[in-house]
Engineer: 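Below is the structure I would like to discuss, written out as structure tokens.
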Amino acid sequence: MDQGKTDFIRETIKKDLKEGRYEKIHTRFPPEPNGYLHIGHAKAICLNFELADEFKGICNLRFDDTNPTKEEPEYVEAIKRDIAWLGFDWGLNEYYASDYFPKLYDFAVKLIKGGKAYVCDLDPAQIREYRGTLTSPGKESPYRERTVEENLRLFEDMRSGKFPDGSRVLRAKIDMASPNLNMRDPVMYRIMHQRHHRTKDKWCIYPTYDWAHGQSDSIEGISHSICTLEFEDHRPLYEWFLDQLKIHHPRQLEFARLNLTHTVMSKRMLKILVDEKYVNGWDDPRMPTLSGMRRRGYPPDAIRNFCSAIGLAKSESTIEIEYLEHFVREDLNRKAPRVMGVLNPLKVIIDNYPEEKDEELEAINNPEDLSAGTRKIPFSRVIYIEKEDFMEDPPKKFYRLAPGREVRLRYAYFIRCIGVKKDGNGNISELHCTYDPSTKGGDAPDGRKVRATLHWVSAKHSVGAELRLYDKLFTTEDLSKNDFKKSFNQKSLKINDLCRLEPSTREAEPGQIYQFERVGYFHVDPDTTTKGLVFNKTAGLKDQWAKIKRKNK
RNA sequence: UGGGGAGUAGUCUAGUGGCAGGACAUGCGGCUCUGGACCGUAGGGCGGAGGUUCGAAUCCUCCCUCCCCAGCCA
């Protein structure tokens, strides 16, 4: 829906509509199936699909599959899964640049016939040399003035496989002295005897991006072809092809790609992390890929809200990863059912609670959504609390449990610490407490207050699980100036298998997400089996105490 | 030193000649059976220098800084 956004792209579209340059808005999201989609792609996906929605147009999904050496069907499937997961539906509008290969070939013949393209026999090194430099013009290829007939014949021979890879290319005949390097007779076709994942062995020449992209846009009747800033230089070429061919002319618009702190956003680098086993696959929950975020537990709505909040501009920017996390928490706070789980258990024996007694206490499933109802949690004489919720010698602002101090066990009772037991090494091994039966449910009839409320689990009823705790992928904020492998955060994954969870989590199924009260959000990983629960920590809760501790250091 | 872009708080972003607004982050306070959530509040900004104008983030001039381009990648 139009939320009154006023970015430059929407302004341009409104103007184009008003002036009649286009009657219908038609956008496209054009991924190359050479890797998995990441959060940067999400920005483009949201933009293109939402634009189509706002202006009652259409958004195509088009695979830009023009380089068979890098592309695989696995990626096509992953890309479709991720876009659908984000909540966008391309319906029947699924296209492939490779479907246009015959048309593109005909277009090329048309350019050759018009004297606007030629077959060049220079090898790659020579082409580079002839291109000139940023400050000096290039030289014209000695093959530039071949006759139309010869070009036609050679181009046909290229297609029919008469030449080896790299021996010849088809080039546009534009201007070797152009200050824009893209206009210095760019390559349109290269010879690659390579099997394509869709066209199989039908072709041994493949179009380059510059040649394929604009013409594909045109064939699909795209009105606004939105891409990232680095293609700004290509726009004159994009337009040149369309003008020479005299075909439907979309408007290319460029916006700044998304950058995030503490992560990388290039498929090339992400692929290295996967291939060299820095992470466990494209969907590793530490990855900025959509599949990684899904596995981490990030809700698609959070990602969409984030994309909408970061805005759209032409200035290069880097968003703090914390901003993304904010939208994850915001969404999960409203939706995630609460549960209690102790990550680092400390045994507490409630001395005055009857040895064999068990009881069930009622707990609210989600204080932000009372319609989520309540559940029962078992209580008994021996419970676990979080190790860090007790201090023998508490500093000023620590108001959790301490010797002699009274705190509340959430939804249960007030307890007071009356004894601390230590092991041979002086580590606290268990606590002895008393409880006040009159505080059942968590309120004192005499109105007395406690400073802290702790989460807990009944020892004998609790269940174990494997928790996978994540931290930033990289220790450095800005990876553009650093060797990303050196900055890899070796502590980005920690496994906790000591935790004890309340028994209701036993029924957890992959894909479910909980808030472990006072700790964070946890998403049930697909690795969960009947033998054991596996959770990914999606995000921590904001932690005031951690902040105080940090400041005091 | 060619060409193409961009500079508004710590980070994003709004602004289109008329009081520089919002979000996140930060500080402080309130509330609370999650030190969560929520509510309130504070600090902090137009890259620089000139000019035009009653009035400039906005228009003009010059300067500075940053990003992209010399793949038969996209």
Side-chain angles (χ1 to χ4, degrees), chain A residues 5-7 11 30-32 34 64 66-67 69-70 120 122-124 127-129 131-138 165-171 177-184 186-192 205-206 208-210 212-213 227-236 254 256 261 267-268 306 309-327 329-330 333-334 338 340 363-364 367-368 397-400 407-412 414 439 441-443 449-455 480 515-520 540-548:
Chain A
K5 286 186 186 166
T6 58
D7 55 80
E11 292 304 320
E32 185 191 12
N34 66 343
D64 221 339
T66 56
N67 185 351
T69 62
K70 296 187 173 171
C120 181
L122 257 27
D123 66 34
I127 287 186
R128 193 183 320 127
E129 188 193 324
R131 187 154 31 226
T133 69
L134 294 178
T135 50
S136 60
D165 287 5
S167 60
R168 284 183 165 86
V169 290
L170 183 74
R171 294 227 249 169
S178 171
N180 181 343
L181 304 207
N182 295 119
M183 300 299 270
R184 321 243 261 227
V187 172
M188 296 167 63
Y189 276 98
R190 62 294 213 198
I191 301 172
M192 287 196 271
I205 57 170
Y206 291 95
T208 57
Y209 165 85
D210 283 312
H213 200 89
C227 59
T228 44
L229 252 27
E230 67 270 25
F231 294 104
E232 220 154 7
D233 288 352
H234 295 241
R235 192 171 63 226
E254 310 87 11
T261 56
K267 278 193 265 185
R268 202 195 98 245
F306 168 76
I310 56 176
L312 196 60
K314 293 195 71 146
S315 58
E316 196 96 24
S317 61
T318 302
I319 311 251
E320 293 168 336
I321 189 93
E322 291 80 3
Y323 198 36
L324 208 210
E325 287 169 357
H326 161 78
F327 288 96
R329 288 197 194 93
E330 182 194 61
N333 175 50
R334 280 181 286 119
R338 317 284 133 126
M340 289 199 281
I364 293 167
E368 301 293 321
K397 289 191 173 167
F398 182 90
Y399 48 81
R400 275 111 96 146
V407 298
R408 170 168 40 234
L409 295 177
R410 183 126 160 116
Y411 300 125
F414 284 11
T439 58
D443 281 306
K449 299 281 184 206
V450 288
R451 208 62 203 279
T453 300
L454 308 186
H455 60 279
S480 67
Q515 183 195 107
F516 291 4
E517 292 214 37
R518 303 209 305 133
V519 181
L541 255 25
K542 282 206 219 154
D543 190 344
Q544 198 61 38
W545 170 239
K547 225 180 252 179
I548 293 166

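Scope of the values below: all heavy atoms of this structure, side chains included, with no hydrogens, waters or symmetry mates. Just so it is clear, the structure is predicted and the values come from calculations on it, not from any experiment.
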Engineer: Send over the distance from A:Y209 OH to B:rC69 P, rounded to a whole Å.
Structural biologist: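 Taking OH of A:Y209 and P of B:rC69, I get 14 Å after rounding.
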Engineer: Any carboxylate oxygen within less than 4.0 angstrom of a Lys/Arg side-chain nitrogen, looking at A:K267 and A:E32?
Structural biologist: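 No salt bridge links A:K267 with A:E32.
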Engineer: How would you label the contact of A:P31 with the nucleic acid (heavy atoms, under 4.0 Å): base, sugar-phosphate, or nothing?
Structural biologist: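 Nothing, no heavy atom under 4.0 Å.
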Engineer: Nearest to the side chain of A:E316, heavy atoms from C-beta on, is which of B:rC69, B:rC67, B:rG35?
Structural biologist: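 Output: B:rC67.
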Engineer: May I ask you to say what A:D165 touches in the nucleic acid, namely base, sugar-phosphate or nothing, with a heavy-atom cut-off under 4.0 Å?
Structural biologist: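 Since no nucleic acid heavy atom lies under 4.0 Å of A:D165, the category is nothing.
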Engineer: What is the per-nucleotide protein-contact pattern of nucleotides 16-32 of chain B, from the 5' end, where B denotes a base atom under 4.0 Å from a protein heavy atom, S denotes such proximity for sugar-phosphate atoms only, and - denotes neither?
Structural biologist: -------SSSSSS----
Engineer: Separation of A:R184 atom CZ from B:rG4 atom P, in whole Å?
Structural biologist: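 Those two atoms, CZ and P, are 13 Å apart.
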Engineer: Give one of base, sugar-phosphate or nothing for A:R128, where a contact means two heavy atoms less than 4.0 Å apart.
Structural biologist: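 Contact class for A:R128: sugar-phosphate only.
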Engineer: Can you tell me which stems involve RNA chain B, if a stem is defined as three or more consecutive Watson-Crick or G-U wobble pairs, both distances under 3.5 Å?
Structural biologist: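 Stems (3+ consecutive pairs) listed as B:2-7 with B:64-69, B:10-13 with B:21-24, B:26-30 with B:38-42, B:47-51 with B:59-63.
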Engineer: State which of B:rU13, B:rU34, B:rC72 makes the closest approach to the side chain of A:I127.
Structural biologist: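 The closest nucleotide is B:rC72.
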Engineer: Rounded to whole Å, how long is the line connecting atom CG of A:D233 with atom C1' of B:rG71?
Structural biologist: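 Taking atom C1' of B:rG71 as the reference, CG of A:D233 is at 15 Å.
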Engineer: What's A:L541 touching, base or sugar-phosphate or nothing? Going by heavy atoms closer than 4.0 Å.
Structural biologist: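 Since a base atom lies under 4.0 Å of A:L541, the category is base.
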Engineer: Closest to the A:N333 side chain: B:rG5, B:rA74, B:rA37?
Structural biologist: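 Output: B:rA37.
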Engineer: Between B:rG50 and B:rC66, how far is it from one C1' atom to the other, in whole Å?
Structural biologist: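 Approximately 23 Å lies between the C1' atom of B:rG50 and that of B:rC66.
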Engineer: Quick check for you: among B:rU34, B:rG35, B:rG2, whose closest atom lies nearest to any side-chain atom of A:L181?
Structural biologist: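 Selected nucleotide: B:rG2.
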Engineer: Starting at NE2 of A:H234 and ending at C1' of B:rG71, how long is that distance when rounded to a whole Å?
Structural biologist: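 One finds 10 Å between C1' of B:rG71 and NE2 of A:H234, rounded.
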Engineer: Nearest to the side chain of A:N67 - B:rC68, B:rG5, B:rA74?
Structural biologist: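 Closest of the options to the side chain of A:N67: B:rA74.
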Engineer: Identify the two heavy atoms, one from A:Y399 and one from A:A452, that lie closest to each other, and give their separation to 0.1 Å.
Structural biologist: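 Shortest heavy-atom contact: O-CB, 3.0 Å.
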Engineer: Name the nucleic acid region contacted by A:R338, choosing base, sugar-phosphate or nothing; use a 4.0 angstrom heavy-atom cut-off, strictly under.
Structural biologist: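 It contacts base atoms.
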Engineer: Do you know which of A:D123, A:L122, A:I191, A:I205 makes side-chain contact (heavy atoms from CB on, under 4.5 Å) with A:R168?
Structural biologist: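 Passing option: A:I191.
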Engineer: Using a heavy-atom cut-off of under 4.0 Å over every strand shown, decide if A:I548 touches base, sugar-phosphate, or nothing.
Structural biologist: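 Base contact - A:I548 has a heavy atom under 4.0 Å of at least one base atom.
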Engineer: Under 4.0 Å, counting only non-hydrogen atoms across every strand here, what does A:I310 touch: a base, just sugar-phosphate, or nothing?
Structural biologist: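 Counting heavy atoms under 4.0 Å across all strands, the contact made by A:I310 is with sugar-phosphate only.
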Engineer: If we take the P atom in both B:rC68 and B:rU53, what is their distance in whole Å?
Structural biologist: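 Each nucleotide's P atom is 41 Å from the other's.
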Engineer: Using only modelled atom types and a 3.5 angstrom limit, is any donor from either the side chain of A:N180 or the base of B:rG4 paired with an acceptor on the other?
Structural biologist: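 Side chain to base: no pair below 3.5 Å.
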Engineer: According to the interplanar angle, ranging from 0 to 90°, do the rings of A:F327 and A:Y323 count as parallel (below 30°), tilted (30 to 60°) or perpendicular (above 60°)?
Structural biologist: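 Rings of A:F327 and A:Y323: perpendicular, as their planes differ by over 60°.
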Engineer: Looking for any heavy atom pair under 4.0 Å, which part of the strands does A:Y206 touch: base, sugar-phosphate only, or nothing?
Structural biologist: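 Counting heavy atoms under 4.0 Å across all strands, no contact is made by A:Y206.
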Engineer: Mind checking if A:T66 touches a base, just sugar-phosphate, or nothing, with heavy atoms under 4.0 Å?
Structural biologist: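 The residue A:T66 makes sugar-phosphate contact but no base contact.
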Engineer: Regarding A:E32, tell me which of base, sugar-phosphate or nothing describes its non-hydrogen contacts under 4.0 Å with the strands shown.
Structural biologist: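 Sugar-phosphate contact only.
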Engineer: For a quick check of understanding: with a heavy-atom distance under 4.0 Å over all strands, which category does A:T318 fall into, base, sugar-phosphate or nothing?
Structural biologist: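 Here A:T318 touches the backbone only, sparing every base.
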Engineer: Give the C-alpha distance, both sets of side-chain angles, the deciding distance and a yes or no for salt bridge (Lys or Arg N to Asp or Glu O under 4.0 Å) between A:E517 and A:R410.
Structural biologist: CA-CA 9 Å; A:E517 292 214 37; A:R410 183 126 160 116; 2.6 Å; yes
Engineer: Can you tell me how far P of B:rU34 sits from CD of A:Q515, to the nearest Å?
Structural biologist: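 Taking CD of A:Q515 and P of B:rU34, I get 11 Å after rounding.
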Engineer: Taking atom P of B:rA74 as reference, at what distance in whole Å does atom CZ of A:F231 sit?
Structural biologist: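 Spelled out: CZ on A:F231 to P on B:rA74 is 9 Å.
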Engineer: Using modelled atom types only, decide if a donor and an acceptor are shared between the side chain of A:S178 and the backbone of A:M183 within a distance under 3.5 Å.
Structural biologist: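 No, A:S178 side chain to A:M183 backbone: no donor-acceptor pair under 3.5 Å.
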Engineer: If you compare every side-chain N and O of A:R410 against the phosphate oxygens of B:rG35 (OP1, OP2), does one of them come in below 4.0 Å?
Structural biologist: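 No, outside the criterion.
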Engineer: List the atom of A:F516, the atom of A:L541, and the distance in Å for their closest heavy-atom pair.
Structural biologist: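 Answer, listing the atom of A:F516 first, then A:L541: O-CD2, 4.3 Å.
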Engineer: Does any donor-acceptor pair link the side chain of A:E368 with the base of B:rG36 at a separation under 3.5 Å?
Structural biologist: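 Donor-acceptor pair under 3.5 Å: yes.
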Engineer: Could you state the atom-to-atom distance from CZ of A:R518 to P of B:rG36 in whole Å?
Structural biologist: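 About 11 Å, once rounded to whole Å.
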Engineer: Of all the nucleotides listed (B:rU1, B:rU13, B:rC72), which has the minimum atom distance to the side chain of A:T208?
Structural biologist: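 So the nucleotide nearest the side chain must be B:rC72.
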Engineer: What nucleic acid atoms does A:F398 come within less than 4.0 Å of, heavy atoms only: base, sugar-phosphate, or nothing?
Structural biologist: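 The answer is base, as A:F398 lies within the cut-off (heavy atoms under 4.0 Å) of a base atom.
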Engineer: Separation of A:E254 atom CD from B:rC69 atom C1', in whole Å?
Structural biologist: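 Checked: the CD to C1' distance equals 13 Å.
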Engineer: Where the side chain of A:R190 is concerned, which of B:rG35, B:rG2, B:rA74 is the nearest nucleotide?
Structural biologist: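 Closest nucleotide to the A:R190 side chain: B:rA74.
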